[in-house]
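Per chain, numbering begins at 1; letters A, B, ... match sequence-line order. Note that these values count all heavy atoms, side chains included, but never hydrogens, waters or copies made by symmetry.
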Amino acid sequence: MFEARLAQGSIFAKVIEGLRELVTEATWECSGNGITLQAMDSSHVALVSLVLRSDGFETYRCDRNMSLGISLTSMSKVLKMMGKDDTLTIRVNDDSDAIVLSMESQNQEEFAEYELRLMDLDSEHLGIPDTDYSCVVKMPSTKFSRICRDMAILGDSVTICSTKDGVKFGAKGDVGQGSIRLNQSTNVDKEEDAVSIELREAVALTFAVRYLNMFCKAAPLSNQVNLSMSEDTPLMCEFKVGDMGHIRFYLAPKIED
Amino acid sequence: NQFQLELQTYYTHT
C-alpha cells in the first residue's frame, strides 16, 4: 500500500500545474524515500525531474516500490475540485489499478474522494550527471516569468548572457528586438527579491522561449528560481518545492545552423 | 537559423 498525506494539498496541485503543460502523462516512482518523476516532452528537447521527499509529508507509507502511470491532465482537473486549504491524501491500495485522491476541508466538515485509473506507460529515463555549472543565476521567479513572457512577444528564442555583474535576456524576431538586463542586487531587504549570480565563467546561451514559458508554470511553487548554465550544456531551471524537494527542468540549447 | 538539439545528445539513457 502507498499513502501520503499533505496538510497543504495546494502544494501538490501547484506541482501538477507546473508539470502538465510540458508532459501530459508520466510515471511516478514511489519508494520509502519519497516520490520521484522524470519525463521528457514529446519533442525530446526538454526534461523534467521532480523529487518530493517522504519527510516533507505529514504521513507517508510505502510498503513496496511502485511505478504509477498517471495522466497529469486528468489529475489536474481533479485537483481543481480541491479547496485551497484542504488536506490531500494520495493512496494506492495493493493490487489496485487506481490512485485515490482524498480531500478534507480544514474544519473537517467536508470530505471528498476521487479515483483516477492508472495507466500503462512506456517510460524512458535519462541519466543526468551532476554538473559543475559555469554560472548559477538566482532571481525572483515572478520576474523570470515576466521576462520570458515579454521575450516571447519578440521572437522564438531568448539568449541569456551572464557575466559577474549581471544577466541579460535578449530576443529578436520579425517585429524587432529587445533585451532586459538585471544587475546583481547589492542591497535588498528581502532575500526573495534578490538577483544573485555565482559565476566561474561568463556564458551566452540561446533557448526556445516557448519551453521557458512552460517551465514558468511552476513559478507559483517558489519565490526564487535558479538558472544553472554552462556552454554547450542543457540549462537547468530549478524551483524548490518548500523544503520537501524540487522541480528541475532541463532544456537543450539552440545552436547556429 | 538555429537548431534545437535533442537532450539525448547530452544525456544517456539509463
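- Using non-hydrogen atoms only and a strict 4.5 Å limit, the part of residues 203-218 of chain A facing chain B consists of A:Thr206, A:Ala208.
- Surrounding CD of A:Glu231 are more than 12 heavy atoms belonging to other residues, nucleotides or ligands, all under 6.0 Å away.
- Taking all atoms of both residues into account, the shortest heavy-atom contact from A:Tyr250 to B:Leu7 is O-CD1, 4.0 Å.
- Few gaps surround CG on A:Asp41; more than 12 heavy atoms of other groups in view lie less than 6.0 Å from it.
- Counting heavy-atom pairs closer than 4.5 Å to chain B, the top residue among A:Pro234, A:Ser43, A:Pro129, A:Ala46 is A:Pro234.
- Across A:Ala252 and B:Tyr10, no two heavy atoms sit closer than the pair CB-CE1, 3.8 Å.
- Looking only at side-chain heavy atoms (C-beta outward), A:Met40 and B:Glu6 stay at 4.5 Å or farther from each other.
- At least one side-chain heavy atom of A:Leu251 sits under 4.5 Å from a side-chain heavy atom of B:Gln4.
- Contact residues of residues 166-183 of chain A toward chain B are absent (heavy-atom distance under 4.5 Å).
- Within 6.0 Å of CG on A:Asp243 lie no more than 12 heavy atoms contributed by other residues, nucleotides or ligands.
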